[in-house]
Amino acid sequence: MTPLESRIAALRDPAAGLTLADTGARIRAAVSEGNAAVAVTLGYPAASWHEALRAQVAEVVASEGLKLASLEVQTRIDAHAPQGQLAPLPRIRNVIAVGSGKGGVGKSTTAVNLAMALAGEGARVGVLDADVYGPSIPTMLGLTGRPDSPDGKAIEPMHAHGLEAMSIGLMVEQDTPMIWRGPMATSALTQLLEQTLWGGEGQLDYLIVDLPPGTGDIQLTLAQKIPVAGAVVVTTPQDVATLDARKALRMFEKVEVPVLGLIENMAVHVCSNCGHVEHLFGHGGGERIASQYGKPLLGALPLDIAIRQQGDAGTPLVIADPGSQAAAAYRAAARRMAAELARRPRAPVSLGAQLL
Ligand SMILES: Nc1ncnc2c1ncn2[C@@H]1O[C@H](COP(=O)(O)OP(=O)(O)OP(=O)(O)O)[C@@H](O)[C@H]1O
């Protein structure tokens, strides 16, 4: 690497908190007669950073007394190695599992908002609702009806807000009691994962899998069987106190799924009248547990009525109110999550990684 390339590699993504070097970005800077031609290829989607990144690169080049002749910023999302001996799925570069130590912590809300934020940053993203106990993704994405199955075997994913989606909830009537328990649930979900025509003619960059809450047999089997490139654990401040988040972290450790980080949900309460911010359940729990496990805290989301209302209305906050602070927090968390994944080893056989 030339000195100019090293200086560019030290530039930091303000949302992800990581440098280009940290995330394995490819950097080329050809200098001739005082002119620099620079090409940067990022390993994760960060469309909302590109403009600022261009300015950051231009500043470095200028500070070297050079003229910026050309600057290309591209994104190339590779498949990263899943756990154990599992091979990545052919239609999906990276599966990211979202889990929690217990129910009701906002795991599904987090999963859909992260998925949308990744899509907004320029990636092809799908969501698989694997929450057999309470499939809520169809409601959150405003999906109704049944997915098409042209040949009775392969299933077309549903589409909502730029995402591909599939849910166990779309395959059964709404008031059907949840019979998908134990081995039946696992095989039904594996089928949904494998038979869905994810990515159309191409591939998804990320499939976000909303796991059932908790750390029982179903969760463990899913975390073992699905080739997962990384997992995210959602906790609430109370969850941190009751050790449930630690259980989820340990479950992923046990099956060798790398944990990309934690998300603390409902970390603070924002008064809808006056905007006053209150730490209802104490302060800094997510940060403490993350550092104890040596994992990053990807984000802390407030307990905010708009998050619930928009989720119930089928238009998650990231798209319903992209200018809000909470939407910005989801975008930063998604960038950090994808950047953490970009640091992980690539899958041995690169599956035709694409240039965005
Ligand atoms: N940060 C938040 N602020 C306000 N409401 C929230 C927030 N996060 C989630 N909620 C609401 O809390 C409820 C539970 O959220 P969600 O369904 O995402 O949790 P979950 O952990 O997936 O639950 P389950 O265990 O049932 O799968 C929903 O009504 C959701 O809208």
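Just follow the structure's listing: the first ligand is 1, and inside any ligand the first atom is 1. Excluded from the calculations below are hydrogen atoms, water molecules and symmetry mates; all remaining heavy atoms, backbone and side chain alike, are included.
- For ligand 1, the 4.0 Å heavy-atom shell takes in Gly103, Gly104, Val105, Gly106, Lys107, Ser108, Thr109, Asp131, Met140, Pro213, Asn265, Met266, Pro302, Leu303, Asp304, Ile307, Arg308, ordered by chain and residue number.
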Output side-chain donor-acceptor pairs under 3.5 Å for residues 328-341, partner residues at least two apart or in another chain, one line each.
residue: Arg331; atom: NH1; partner: Pro322; partner atom: O; Å: 3.1
residue: Arg331; atom: NH2; partner: Pro322; partner atom: O; Å: 3.2
residue: Arg335; atom: NE; partner: Asp13; partner atom: OD1; Å: 3.4
residue: Arg335; atom: NE; partner: Asp13; partner atom: OD2; Å: 2.9
residue: Arg335; atom: NH1; partner: Ser48; partner atom: OG; Å: 2.8
residue: Arg335; atom: NH1; partner: Glu121; partner atom: OE2; Å: 3.2
residue: Arg335; atom: NH2; partner: Asp13; partner atom: OD1; Å: 2.7
residue: Arg336; atom: NE; partner: Ala16; partner atom: O; Å: 3.1
residue: Arg336; atom: NE; partner: Glu340; partner atom: OE2; Å: 3.0
residue: Arg336; atom: NH2; partner: Glu340; partner atom: OE2; Å: 3.0
residue: Glu340; atom: OE1; partner: Arg343; partner atom: NH1; Å: 3.4
residue: Glu340; atom: OE2; partner: Arg343; partner atom: NH1; Å: 3.4

Show your working on side-chain hydrogen bond (donor to acceptor under 3.5 Å, both in side chains) between Ser32 and Asn35 and close with a plain yes or no.
CA-CA 5 Å; Ser32 139; Asn35 289 312; 5.9 Å; no
Tell me, with the steps shown, if Ile307 and Met266 meet side-chain contact (heavy atoms from CB on, under 4.5 Å).
CA-CA 10 Å; Ile307 294 181; Met266 313 187 197; over 6 Å; no
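- A salt bridge does not link Asp244 to Lys107: none of the charged nitrogens lies less than 4.0 Å from a carboxylate oxygen.
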Working note: Val40 + Leu11, criterion side-chain contact (heavy atoms from CB on, under 4.5 Å); need CA distance, chi angles, decisive distance, verdict.
CA-CA 11 Å; Val40 176; Leu11 292 175; over 6 Å; no
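- At a threshold of 4.0 Å, the pair Asp205-Arg124 does not count as salt-bridged, since none of the basic side-chain nitrogens sits closer than that to a carboxylate oxygen.
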